[in-house]
Amino acid sequence: MLTLLFAGAARDWPDYEPALTRALSEVGLAARLALPAAIAPEAVDYIIYAPSGPVTDFAPFTRARAVLSLWAGVERVVGNPSLTQALCRMVDEGLARGMVEWVTGQVLRAHLGLDRYAAPQAPVWEPVVPPLAPERAVVVLGLGVLGAACAGMLARLGFAVTGWSRTPKDIPGIDCLSGPEGLRTALARAEILVTILPNTPETENLLNAETLALLPQGAVILNPGRGTLIDDAALLAALDAGRVGQATLDVFRTEPLPADHPYWAHPRVTVTPHIAAATRPLSAARVIAENIRRSEAGEPLLHLVDRARGY
Ligand code: NAP
């Protein structure tokens, strides 16, 4: 019988415990599943992990074969020097659906100019007919699992979609760019810019005074990736100068976003509280169970993190 440690947030245990029990039995695994207080570290075979959970030192888990993250972003664990076990990130159909819904909703809101009609101060009848989707340039930075899913949905809606990633890609219906020159080309097109990149040393402050200056006047920025992608002072300056017309931000350097942060009060910033895409226990539990099954069968793990690359 395997021993699995649930090292996610304790509040999530009531949802994950039945979901994991069921998913493990579906793949034919017998396992004891418990919270840290109930298991000796040296008895643990697999660690189901989230940064919101209690584990920060992986050294005592001498038998653990893998750390299975419940989060897609792994920046808070990937550089942990005590982590010698394999690290897998979460790729979950619920997460991808959530991200597609948030991004599509926000792109349509910006594209249709719906904020113009929200909370009117006076009964003013001023129609502004938006262009149709093929006349709207949307750029998605990051063409991984989530970025590619969003770019694909936007392309199916008819938007003129450009994507950008570290390595070159060929995705039908999307103009795929890469490298520094590709970034400049992409930003110059971006009437609506969506950032779905991981937090790594290379992506930190990718949107700064210099790169924001490449955007078309009045561009809309949607950031469901990570707060570190944006130099906050540069974004606020670009908003005040009108270079950036609106920003909807889901992720921040400090979360919860401090009450005195200028984003809260800015008239052209919408703050959403890291809700773009949540891991869903039922589908995530199936991913975890399948990875444990693979590991026990000597098969390659899914969604293994490249520790040197950082994602
Ligand atoms: P992923 O599959 O690992 O994809 C990452 C993408 O970013 C890849 O296309 C990668 O390029 C690209 N990339 C990485 N570093 C780059 C660089 N230096 N220059 C250019 N492109 C670079 O990740 P994912 O599952 O799509 O998730 C993306 C991020 O979304 C996560 O890391 C997390 O931060 C964020 N997220 C947010 C929420 C939320 O609720 N707001 C929820 C889940 C995830 P290559 O394809 O060439 O490697």
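Remember, it's 1-based here, ligands and their atoms both numbered in the order they're listed.
Between the side chain of E75 and the backbone N or O of P201, no donor-acceptor pair lies under 3.5 Å. Without hydrogens or angle criteria, W264 side chain to P258 main chain gives a donor-acceptor distance under 3.5 Å. Between the side chain of N208 and the backbone N or O of N205 there is at least one donor-acceptor pair closer than 3.5 Å. Distance alone, capped at 3.5 Å, places no donor-acceptor pair between the R294 side chain and the E299 backbone.
Using a 4.0 Å cut-off between heavy atoms, M99 contacts ligand 1 through its side chain alone, with no backbone atom that close. With a heavy-atom cut-off of 4.0 Å, L146 touches ligand 1 through backbone and side chain alike. Under 4.0 angstrom from ligand 1, the non-hydrogen atoms of R166 come from both its backbone and its side chain. Both the backbone and the side chain of V145 come within contact range of ligand 1, each with a heavy atom under 4.0 Å.
Among all protein heavy atoms, the one lying closest to atom 1 (P) of ligand 1 is R89 NH2, 3.3 Å. Protein heavy atom nearest atom 46 (O) of ligand 1, with residue, atom name and distance: K169 NZ, 2.7 Å. Of the protein's non-hydrogen atoms, the one nearest atom 4 (O) of ligand 1 is G144 CA, 3.1 Å. If you check which protein heavy atom lies closest to atom 19 (N) of ligand 1, you get W164 CH2, 3.4 Å. The protein atom (non-hydrogen) at minimum distance from atom 3 (O) of ligand 1 is Y311 CD1, 3.3 Å. Given atom 5 (C) of ligand 1, the protein heavy atom at minimum distance is P198 CD, 3.8 Å. For atom 18 (N) of ligand 1, the closest non-hydrogen atom on the protein side is E202 CB, 3.5 Å. Of the protein's non-hydrogen atoms, the one nearest atom 42 (C) of ligand 1 is A277 O, 3.3 Å.
When the heavy atoms of L143, D306, I196 are ranked by distance to atom 30 (O) of ligand 1, first place goes to I196. Within the set P224, G225, C150, the minimum heavy-atom distance to atom 41 (N) of ligand 1 is found for P224. Nearest-heavy-atom check against atom 45 (P) of ligand 1 across L249, T167, L229 picks out T167. Scanning T200, L177, L183, L197 for the heavy atom closest to atom 22 (C) of ligand 1 points to L197.
Using cut-offs of 30° and 60° on the angle between ring planes, the pair W13 and F6 is tilted.
Atom CD1 of I230 sits about 7.0 Å away from atom CG of D232, to the nearest 0.5 Å. For the atom pair L249 CG and H261 NE2, the distance stands at 9.0 Å (nearest 0.5 Å). Atom CZ in R253 sits 8.5 Å away from atom CG in L229 (nearest 0.5 Å).
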- Query: Do F252 and H274 pass the side-chain contact (heavy atoms from CB on, under 4.5 Å) test, and can you show the C-alpha distance, the side-chain angles, and the key distance before you say yes or no?
  - Reply: CA-CA 8 Å; F252 305 91; H274 204 142; over 6 Å; no

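Heavy atoms only, all atoms of each residue included: A19 and P281 are closest at CB-O, 3.8 Å.
Polar contact with ligand 1: absent for N199 (N/O pair, distance under 3.5 Å).
Counting atoms of ligand 1 from 1 in the listed order, those under 4.0 Å from a heavy atom of A72 are 43 (C), 44 (C). Those atoms of ligand 1 with a heavy atom of V251 less than 4.0 angstrom away are 41 (N). Ligand-side atoms of ligand 1 in range of D250: 39 (C), 40 (O), 41 (N), range being under 4.0 angstrom from any heavy atom. Near R226, the atoms of ligand 1 lying under 4.0 angstrom from a non-hydrogen atom of the residue are 33 (C), 34 (O), 35 (C), 36 (N), 37 (C).
Proximity of F61 to V67: side-chain heavy atoms (C-beta onward) are nowhere separated by under 4.5 Å. Residues R309 and V78 form no side-chain contact, since every pair of their non-hydrogen atoms from C-beta on lies 4.5 Å or further apart.
Within the 4.0 Å heavy-atom cutoff, M90 does not count among the residues contacting ligand 1.
Shown are L197, T200, T228, T195; of these, the side chain to side chain contact (heavy atoms under 4.5 Å, CB included) with L206 is made only by L197.
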